[in-house]
Amino acid sequence: MFFTFRACMTLIFCLWISEAFSQTPRTNWITPFERDSSWSATQDEAHDFFLQLAVASPLVHSSPFGMSDGFLPIYEVIISANGLIKPEDVRASGKTIVLINNAIHPGESEGVDACLMLARDLVNLPTIRKLLDRIVVVILPYYNTDGGLQRSSTFRANQQGPRDQGFRGNASNLDLNRDFVKCDSRNAQTFTRLFRKWDPDLFVDTHTSNGADYQSTITVIATQPDKLPPALAAFQQSVLLPELYSVMDKAGWPMTPYVHSDGPPENGIQGFLDLPRYSTGYAALFQTLGCMPETHMLKPFPDRVRSTYHFLLATLESAYNHSEQLIDVRKQARREARKTALWPIQWVLDSTRMETLLFGGYTASYKPSLVSGLPRLYYDRNQPWHKQIPYYPRYASALAIPRPEGWILPQSCTKIIERLDLNQVHMYRIKSDTLIQTAVKFIESEKTFTGAYEGHYPHYQVEVREEVQQILVRAGDIWIPSDQEAIAYLMATMDPRAPDSWFAWNFMDGILGQKEYFSAYVFEDLAAEILANDQKMRAELELELDARPDMRKDGDAILDWVYRKSDYYEPTHRRYPILSIEDAIVWSLKPFDGIYP
Ligand SMILES: [Zn+2]
């Protein structure tokens with residue numbers, strides 16, 4: 001074999017480059033933020049950093065996992081020792097799984113930069129790398145890749161850096177932190193697949209907050225504890241949160257609960273009700289403890305990144321310190337959830353359970369606005385204070401419903417079936433047509449958003465009435481037993497009165513429209529005949545007319561009343577299609593075989 005001198009030199013040069021790269025001390029891996037602390041890594045820079053880290057270290061695995069609405073890849077980064085990159089292998093090894101989500105709001109990008117440093121340090125620093133003995137870290141480096149593509153220095157009007165910020169909406173202009181249940185976006189569908197694949201023990205979703213000014217650089221929203229099974233709530237409140245607050249204090253980043261208040265914080269702050277539409281609320285449906293660190297927009301960007309870094313590190317350390325306990329507590333919580341007979345589906349702030357909280361604020365005051373001349377609020381940073389303030393962290397059940405034996409979902413509800421399937425809900429197909437006698441819900445009344453909200457016109461304040469009817473369940477309809485891991489997810493979505501139910505999110509608005517009507521001049525004679533033959537209805541009409549005197553002057557209204565009471569009125573108008581089955585019914589079933597049978 002013959003090599004030219006030039007080819008030999010090229011080969012030697014390539015070998016030298018490759019050798020030099022592999023011997024580069026990894027402490028020299030500088031992130032874009034570390035190079036310029038006014039800069040937050042773009043998604044390309046973040047993905048590239050992780051890909052290079054994955055080339056350099058067997059501990060890191062980075063690859064596209066799914067797509068956004070704008071068909072941009074959403075990456076999954078796995079940081080794990082001993083080559084464990086499959087969830088089943090990680091579970092078998094007894095390790096705890098921590099999932100970190102960044103840039104759901106791309107203008108709030110501290111987590112992106114913090115995770116680059118954290119991943120590098122997990123690889124490089126023995127004191128941090130030892131955490132991988134008991135935990136596996138999964139990172140979504142940049143969830144809202146669509147919003148990350150649009151960068152501007154003006155998207156976050158009040159925020160102190162970075163120089164460029166991404167945009168909150170995704171390619172469909174949806175806020176992904178409202179999309180975890182309705183799952184409209186391809187981003188959310190990708191997230192759901194990843195979340196259910198890993199079934200993490202701890203979940204962190206990084207954010208930046210706005211609102212009042214105060215002293216802490218970083219605050220945290222933990223899962224609302226009243227919504228958690230007792231075992232998990234106890235672990236979160238007695239073990240995890242005290243440890244996180246203490247570690248952050250020692251690290252020089254004293255943290256407070258997220259400042260959720262109607263006025264200045266000294267008037268009192270409230271716990272945040274993280275409904276399932278939000279990330280931690282969704283995570284809680286699968287007994288995953290969630291935290292949303294929220295750094296304060298008015299603090300310098302470098303401080304926000306560094307405090308987020310320390311928060312993430314503290315979370316990993318807690319997962320490491322309590323690895324076995326956390327896994328056991330989740331198992332116990334799952335058992336508790338499956339045994340729970342009465343499920344709250346609506347919540348209200350419990351104003352009777354006031355606590356106090358030592359809080360560091362700035363004096364709030366008013367001065368004339370230079371814009372309007374009217375009094376305007378401002379916080380005087382020259383007048384800091386520390387004092388106990390009222391704190392309302394708890395929520396009480398406003399409506400609780402019994403857990404049914406299961407649900408029957410008509411096969412026509414394909415969009416719901418898709419989402420249940422994505423969430424790994426166990427479902428079956430009913431094998432043959434079956435006539436059953438069961439309680440059926442009717443939507444008695446509801447209120448509806450008058451403006452569009454996240455691609456919907458959601459319903460709220462939903463009232464139902466129940467009637468026992470004979471219903472033909474068709475072969476191919478879906479049977480969903482309630483005794484399963486996804487019980488909390490099902491209880492939060494299947495009843496129309498739940499704030500994040502399928503009904504609330506407009507998945508079955510078809511039932512609200514009446515399809516058949518009558519011609520008044522023809523129905524007049526029939527209505528007269530009906531009333532003549534039905535004395536009970538006649539008496540009911542008289543009572544109605546007594547109660548609504550104006551109706552006596554409205555012939556059409558009286559005719560419509562008779563029509564609705566008669567057999568001619570369509571039985572499915574406002575009838576809620578999901579049946580909650582209270583009694584065990586022995587169905588002839590076959591395994592769920594995909595959305596289109
Ligand atoms: Zn946010």
Side-chain angles (χ1 to χ4, degrees), residues 40-41 43 46 68-69 74 99-115 139-152 154-162 164-182 184-185 187-188 191 195 203-214 216-224 255-261 269-284 290-299 301 303-305 307-309 311-312 315 453-455 500:
S40 184
Q43 57 184 304
S68 69
D69 272 355
I74 296 170
L99 174 65
I100 303 171
N101 188 37
N102 296 310
I104 190 170
H105 296 149
E108 309 173 9
S109 59
E110 295 87 333
V112 175
D113 299 297
C115 269
I139 299 171
L140 278 101
Y142 218 106
Y143 177 37
N144 184 356
T145 43
D146 305 330
L149 208 57
Q150 306 179 52
R151 281 168 75 105
S152 157
T154 53
F155 277 146
R156 305 276 295 178
N158 301 323
Q159 192 168 291
Q160 300 301 304
D164 282 353
Q165 302 122 27
F167 182 65
R168 190 178 184 93
N170 81 335
S172 306
N173 208 33
L174 294 176
D175 185 333
L176 298 178
N177 204 21
R178 312 288 185 271
D179 200 29
F180 285 93
V181 170
K182 62 189 174 70
D184 288 332
S185 66
N187 305 61
F191 180 92
F195 185 88
F203 169 62
V204 186
D205 186 31
T206 57
H207 288 258
T208 314
S209 92
N210 45 22
D213 196 8
Y214 44 80
S216 285
T217 298
I218 187 166
T219 66
V220 64
I221 302 174
T223 308
Q224 217 297 313
M255 193 169 65
T256 69
Y258 177 67
V259 178
H260 180 47
S261 62
I269 64 174
Q270 307 168 356
F272 182 77
L273 183 64
D274 54 342
L275 293 171
R277 70 188 67 175
Y278 302 109
S279 60
T280 57
Y282 169 76
C291 283
M292 280 190 260
E294 297 256 7
T295 59
H296 196 278
M297 62 178 179
L298 294 178
K299 300 295 188 282
F301 181 63
D303 288 0
R304 289 171 12 223
V305 174
S307 59
T308 302
Y309 172 92
F311 181 86
L312 294 173
T315 309
Y453 174 73
E454 295 305 321
D500 279 331

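Numbering of ligands and ligand atoms starts at 1, following listing order. Heads up: numbering here begins at 1 and tracks the sequence.
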Can the ring centroids of Phe195 and Tyr282 be said to lie less than 6.0 angstrom from one another? yes

One pair to check against side chain to side chain contact (heavy atoms under 4.5 Å, CB included): Asn187 and Asp146. What are the steps and the verdict?
CA-CA 9 Å; Asn187 305 61; Asp146 305 330; 3.7 Å; yes

Side chains of Asn101 and Asp205: any donor to acceptor distance under 3.5 Å? yes

Checklist line | Near-ring test Phe203/Phe191, centroid separation under 6.0 angstrom | finding: yes

Check: Of the backbone and side-chain N, O or S atoms of Glu108, does one lie nearer to the Zn ion (ligand 1) than 2.8 Å?
Finding: yes

The Zn ion (ligand 1) has as its nearest N, O or S atom from His207 the atom ND1

Looking at His105, the N/O/S atom that lies nearest to the Zn ion (ligand 1) is called ND1

